[in-house]
Amino acid sequence: MTQDMLLAIAALVPAGSRVLDLGCGDGSLLAYLQENKACTGYGVELDDANVHACIARGVNVLQLNLDQGLRLFDDHSFDVVLQIDTLQHLRNAEVMLRETARVGKTGIVAFPNFAHWPNRWSILQGRMPVTKRLPYQWYDTPNIRVGTFADFEVLARKNGLHISDAFGLQDGQRVDVMPNLLAGTAVFRFAGLA
Amino acid sequence: MSFIATPREMRFAEPLPLQSGAQIRDYTLAYETYGELNADKSNAVLICHALNASHHVAGAYADDPKNLGWWDNMIGPGKPVDTNQFFVIGVNNLGSCFGSTGPMHVNPDTGRVYGADFPVVTVEDWVNAQARLLDAMGITQLAAVMGGSLGGMQALSWTLQHPERVRHAVVVASAPNLTAENIAFNEVARRAIVTDPDFHGGHFYAQGVVPKRGLRIARMVGHITYLSDDVMNEKFGRELREAVNSVTGYKYSTQDVEFQIESYLRYQGDKFSEYFDANTYLLITRALDYFDPARAHGGDLARALAVARCRFLLVSFSTDWRFSPSRSREMVQALVKNKREVTYAEIDAPHGHDAFLLDDPRYLAAVRSYFAQIDTAGARP
């Protein structure tokens with residue numbers, strides 16, 4: 001995650017929140033939230049190197065496979081549940097979205113928007129996009145769920161999620177005009193499911 | 001060659017009340033310490049041992065340089081639990097056969113060797129005995145308490161019995177209680193011992209015999225459960241000890257050692273029966289069976305752990321079926337419910353339960369980095 005993106009996401013998290021960060025990577029976002037916004041909580045991560053990085057920076061991390069669900073966590077037990085660049089790696093992305101809305105009072109999801117114009121341009125030329133945001137070749141990408149800003153709106157509606165904020169992120173800047181075309185990252189904030 | 005460790009003993013005259021209602025008096029605890037206790041006594045780490053271990057946690061003895069502590073890969077100068085920074089205490093539990101008062105010692109009430117009359121001791125009793133040792137050292141709060149397997153149960157129990165005395169708990173390859181299957185394995189081991197004609201109801205010392213047959217079987221059963229199917233197949237497979245001249249290589253004997261795994265188990269059993277005490281085996285497996293902090297809370301582990309205050313590191317190993325990752329996850333869940341600070345590492349290792357004593361780099365790195373975060377500058381109020 002770039003520092004720009006980290007700061008943009010952190011700005012969405014109220015100070016003092018209890019946070020669950022699903023697919024927390026090296027723990028840098030949680031560490032930032034702990035140090036600068038007095039947040040508490042846990043990261044969930046599967047990768048050994050990332051788990052170690054979290055421990056080394058003093059972030060509480062739970063080494064669990066998200067594809068096995070969030071059974072460990074009670075309904076609405078966190079103020080904010082984050083899924084930052086996680087959704088695209090999940091086999092059961094829709095289940096995890098519902099679980100995020102069950103466990104969190106608020107859910108925040110961010111993922112690479114495949115409808116960003118450079119990606120569209122690449123497809124028009126007949127090739128899968130390889131960009132700074134999507135640096136992988138089609139044959140070795142870890143992104144097994146490729147979706148767009150507009151696709152997520154449909155999935156959220158299907159699951160009865162109430163979206164309280166939705167925008168694009170490009171170069172660390174919020175994109176409110178035509179985010180599906182103009183932003184490399186899609187960001188959604190939604191309320192937990194009762 | 002590791003550093004030189006020096007075993008010590010401390011005598012306690014005052015009776016220790018036990019969970020069973022009995023008490024034990026005039027007892028001795030064997031212990032070792034490594035590193036220096038700092039001025040405000042805030043850098044102490046207590047290591048709790050499992051079934052077949054002792055206070056000799058790290059280092060080697062000057063007169064026995066091959067006798068390395070059982071967690072020497074984990075603890076020492078520059079090791080994951082760095083004795084340049086921490087003052088580490090290893091203590092032998094009551095009822096053991098490695099130095100602290102146990103069934104082979106004289107009962108001050110009768111003047112005779114305890115034998116089977118040694119009182120049943122529990123994890124909670126051990127923790128209270130350990131707390132008295134810390135009292136005598138002037139240590140009011142531990143930087144960390146740490147243990148694997150049964151030792152992990154003691155570490156967990158510390159956080160419940162003396163929550164204000166622990167800043168961190170490191171619980172490795174452990175469980176909040178034993179499953180029925182686990183108790184069953186312990187019972188097979190105990191039956192092997194008590195049905196050995198040399199057991200004499202636990203008073204075999206006076207007869208000048210040792211129930212070695214029972215101890216051997218107990219160890220063989222235990223050893224199987226500490227390994228994984230994968231690692232056994234890798235180490236032994238179906239390899240024969242000595243192939244005879246036939247198509248199959250088999251001896252066609254029901255009693256000879258045929259497969260390498262048989263030879264290995266017999267060797268482990270023989271070795272164990274030479275040094276381990278039969279009554280100690282019964283006592284320690286019972287302590288394992290009885291441990292169940294949720295029991296007093298209607299089986300609700302989250303309620304049981306509500307009193308814990310410290311930060312936790314839990315570690316489990318993927319192929320450990322005796323203390324499986326799901327049991328560690330139960331503890332994680334209960335701690336999360338209580339909003340406790342917890343980190344959980346699930347190490348994908350092939351070695352079964354034994355992995356907690358081995359050199360997996362991810363495991364050692366996780367412990368090292370966790371301890372590097374522990375503040376030794378002052379006690380928590």
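Just so it is clear, the model here is predicted, and its values are computed rather than measured. Below, chains carry the letters A, B, ... as their sequence lines are ordered, and counting in each starts from 1.
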Student: Classify the angle between the aromatic ring planes of A:F73 and A:F78 as parallel (below 30°), tilted (30 to 60°) or perpendicular (above 60°).
Tutor: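 If you compare the ring of A:F73 with that of A:F78, the planes turn out perpendicular.
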Student: Report which part of B:A365 has an atom under 4.5 Å of a heavy atom belonging to chain A: side chain, backbone, both, or neither.
Tutor: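 For B:A365, heavy atoms of backbone and side chain both lie under 4.5 Å from chain A.
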Student: What residue, out of B:E330, B:R340, B:R368, has the most heavy-atom pairs lying under 4.5 Å from chain A?
Tutor: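 Top option by heavy-atom pairs under 4.5 Å: B:R340.
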Student: Heavy-atom distances under 4.5 Å only: say whether B:I374 touches chain A with side chain, backbone, both or neither.
Tutor: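 Contact with chain A involves no heavy atom of B:I374 at all.
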Student: Who wins among B:I347, B:L314, B:V342 for the most heavy-atom pairs under 4.5 Å with chain A?
Tutor: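 Heavy-atom pair counts peak at B:V342.
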Student: Less than 6.0 angstrom separating the ring centers of B:Y363 and B:F356, yes or no?
Tutor: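 Between B:Y363 and B:F356, the centre distance exceeds or equals 6.0 Å.
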Student: For the CD atom on A:Q173, are there more than 12 heavy atoms of other groups (residues, nucleotides or ligands in this structure) within a distance under 6.0 Å?
Tutor: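 No.
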Student: Are the ring centres of A:F190 and A:H162 closer than 6.0 Å?
Tutor: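 So the answer is no for these two rings.
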Student: Please classify the contact of A:R57 with chain B as side chain, backbone, both or neither, using a heavy-atom distance under 4.5 Å.
Tutor: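 Looking at A:R57, just its backbone touches chain B.
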Student: Of the backbone (N, CA, C, O) and the side chain (C-beta and beyond), which part of B:Q373 lies under 4.5 Å from a heavy atom of chain A, both, or neither?
Tutor: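 Just its side chain gets close to chain A.
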Student: Heavy-atom cut-off 4.5 Å, strictly under: side chain, backbone, both or neither for A:L64 against chain B?
Tutor: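 For A:L64, side-chain heavy atoms alone lie under 4.5 Å from chain B.
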Student: Is there a side-chain contact between B:E164 and B:R309 (heavy atoms, below 4.5 Å)?
Tutor: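 Of all side-chain heavy-atom pairs linking B:R309 with B:E164, none is under 4.5 Å.
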Student: With a cut-off of 6.0 Å (strictly less than), are more than 12 heavy atoms of other residues, nucleotides or ligands near NE2 of B:H297?
Tutor: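 Atom NE2 in B:H297 is crowded, with more than 12 foreign heavy atoms closer than 6.0 Å.
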Student: Using non-hydrogen atoms only, which part of B:R329 is less than 4.5 Å away from chain A: side chain, backbone, both, or neither?
Tutor: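 Both the backbone and the side chain of B:R329 come within 4.5 Å of chain A.
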Student: If you count heavy atoms of other groups shown closer than 6.0 angstrom to CZ of B:R295, is the number above 12?
Tutor: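 No.
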Student: As an exercise: rank A:G43, A:S77, A:G58 by heavy-atom pairs under 4.5 Å with chain B and give me the winner.
Tutor: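 Greatest number of close heavy-atom pairs with chain B: A:G58.
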